[in-house]
Amino acid sequence: MSFSEKILLWYSGNKRSLPWRSTRDPYKIWLSEIMLQQTRVAQGLPYYLKFNEAFPAVEHLANASEEQVLKLWQGLGYYSRARNLHATAKMVVEAYGGHFPNTYKELLNLKGVGDYTASAIASICFDELQPVVDGNVYRVLARYFGVDTPINSTSGVKYFKQLAREVMNTENIRDYNQAIMEFGAIQCAPKNPKCSNCPLNESCVALQKNLVDLLPVKINKTKVKKRYFNYLVMLDTENQIKLQQRRGKGIWQNLWEFPLFETKTESNMSEIKHHLTSNFGLGSSTEISLHNEDQIVHKLSHQHLYTKFWIVKTDARFDDGIALRKLDEFPVPVLIADLIKTLKNSYF
DNA sequence: AATACGGGGCT
DNA sequence: AGCCCAGTATT
């Protein structure tokens with residue numbers, strides 16, 4: 001039996017039952033693939049179900065507002081995926097008459113669709129012979145064939161794509177692509193892979209050479225930057241709260257947050273007072289208190305956000321203030337959503 | 001060729 | 001604390 005046949009056989013007996021496995025609707029496959037980029041199935045699944053219910057077809061998604069889409073996406077991370085998802089839905093409806101392109105090459109033109117996702121949609125929906133190479137596939141191939149070329153080097157990306165193409169199953173590309181990913185997720189897992197009962201263990205190079213824990217090789221460790229966030233939870237006389245939308249580049253684009261005062265180091269009361277006075281012109285009756293004595297550390301891939309929430313009770317009346325119960329309608333980062341939750345439980 | 005981009009789960 | 005996850009876009 002060939003490599004790909006063993007993978008397919010393993011898949012037939014071990015695959016999880018997942019909603020996107022029972023359809024070839026490009027809209028559904030596309031939706032699942034975008035959501036699962038750099039995201040575990042367990043984390044993405046509830047979002048897939050929510051989106052299916054809210055937007056049963058691409059037209060529904062295209063007709064939604066970006067705000068609605070971001071709100072449903074809240075908590076899943078990598079929010080450019082949501083913005084691109086929405087833009088692509090509009091493009092599919094307006095430029096393609098509601099029909100997704102049906103080739104790998106054409107699919108690559110869609111925003112948020114790269115090599116992996118185009119291959120996945122083309123193979124799963126249209127039986128095009130394109131191998132998928134995701135994190136799972138890198139791991140399975142690197143171990144089984146004993147390849148130590150870094151998977152994220154330019155030459156590595158090219159090498160593994162070619163290797164994947166050579167060993168793919170051309171009779172059933174649709175199941176095979178899902179099978180090798182599932183195999184990587186369940187059997188050939190990053191930590192504690194189940195080599196003892198693996199159907200490929202007699203011919204796995206990494207296992208024979210005791211290299212399983214060393215493969216795949218990955219370069220470029222991410223260095224984490226520290227940032228100091230001071231969120232100003234500003235209340236007016238009616239307990240309305242100021243909220244603003246993040247614009248431009250950087251994290252959380254188009255999501256909402258409290259007015260932010262970022263500092264180079266941990267801030268203190270007098271610095272906050274000074275900032276408030278010079279930026280908001282607050283009166284002397286304003287009460288300021290620190291909500292969290294210890295800084296909340298919110299961890300992103302490339303930065304740790306050391307955060308203090310300052311409660312600022314003013315004697316003003318905000319024109320653009322938001323009632324506490326209305327805050328839930330806005331798409332916000334998890335850091336803000338958590339604070340809103342504690343506000344609702346403790347303050348009012 | 002590097003880096004930015006979330007959040008959560010596992011070791 | 002570090003690594004990884006059905007990667008892509010930008011610099």
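From a predicted model like this one, the values you see are computed outputs, not experimental measurements. Naming convention: chains lettered A, B, ... in sequence-line order (proteins, then strands); numbering from 1 in each chain.
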Which side-chain N or O atoms in residues 326-339 of chain A pair as donor and acceptor under 3.5 Å with protein atoms at least two apart or in another chain?
unit_1	atom_1	unit_2	atom_2	d
A:Asp328	OD2	A:Lys344	NZ	2.4

For residues 110-122 of chain A, which side-chain N or O atoms pair as donor and acceptor with protein atoms under 3.5 Å away, sequence neighbours left out?
unit_1	atom_1	unit_2	atom_2	d
A:Asp115	OD1	A:Lys161	NZ	2.8
A:Asp115	OD2	A:Tyr104	OH	2.6
A:Tyr116	OH	A:Glu33	OE1	2.6
A:Thr117	OG1	A:Gln37	NE2	2.9
A:Ser119	OG	A:Asp115	O	2.8
A:Ser119	OG	A:Lys161	NZ	3.3

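A donor-acceptor contact closer than 3.5 angstrom links the side chains of A:Glu66 and A:Asn254.
A:Trp73 comes within 4.0 angstrom of no nucleic acid atom, judged by non-hydrogen atoms across all strands.
With rounding to whole Å, A:Tyr138 atom OH is found 13 Å from C:dA6 atom C1'. Taking atom CH2 of A:Trp30 as the reference point, atom P of C:dG7 lies 17 Å away to the nearest angstrom. Protein atom OH of A:Tyr47 is 17 Å distant from nucleotide atom C1' of C:dA6, rounded to whole Å. Straight-line distance from the NZ atom of A:Lys218 to the C1' atom of C:dG7: 10 Å, rounded to whole Å.
Within the 4.5 Å cutoff, no side-chain heavy atoms of A:Glu128 are placed close to those of A:Ile173.
A salt bridge links A:Glu182 to A:Arg16: one of the charged nitrogens lies within less than 4.0 Å of a carboxylate oxygen. Under a 4.0 Å N-O distance rule, the pair A:Lys242/A:Asp320 qualifies as a salt bridge.
Rounded to the nearest Å, the gap between the P atom of C:dA9 and that of B:dG8 is 24 Å. Taking atom C1' on both B:dG6 and C:dC3, the two are 15 Å apart, rounded to the nearest angstrom. Taking atom P on both B:dA4 and C:dA6, the two are 24 Å apart, rounded to the nearest angstrom.
Residue A:Met269 is grouped with residue A:Leu276 when hydrophobic side chains (ILVMFWY) are merged at heavy-atom distances under 4.5 angstrom, including chains of intermediate members.
Contacts of residues 102-122 of chain A with DNA chain B (heavy atom under 4.0 Å): none.
Annotation for A:Val217: hydrophobic cluster partners, listed by chain and number, are A:Leu211, A:Leu214, A:Leu215 (ILVMFWY side-chain heavy atoms under 4.5 Å, direct or chained). Taking Ile, Leu, Val, Met, Phe, Trp and Tyr as hydrophobic and joining them when side-chain heavy atoms fall under 4.5 Å apart, one finds A:Tyr306 in a cluster with A:Tyr228, A:Val297.
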In B/S/- notation, 5' to 3', how is nucleotides 2-11 of chain B contacted by protein heavy atoms closer than 4.0 Å? -SBBBBB---
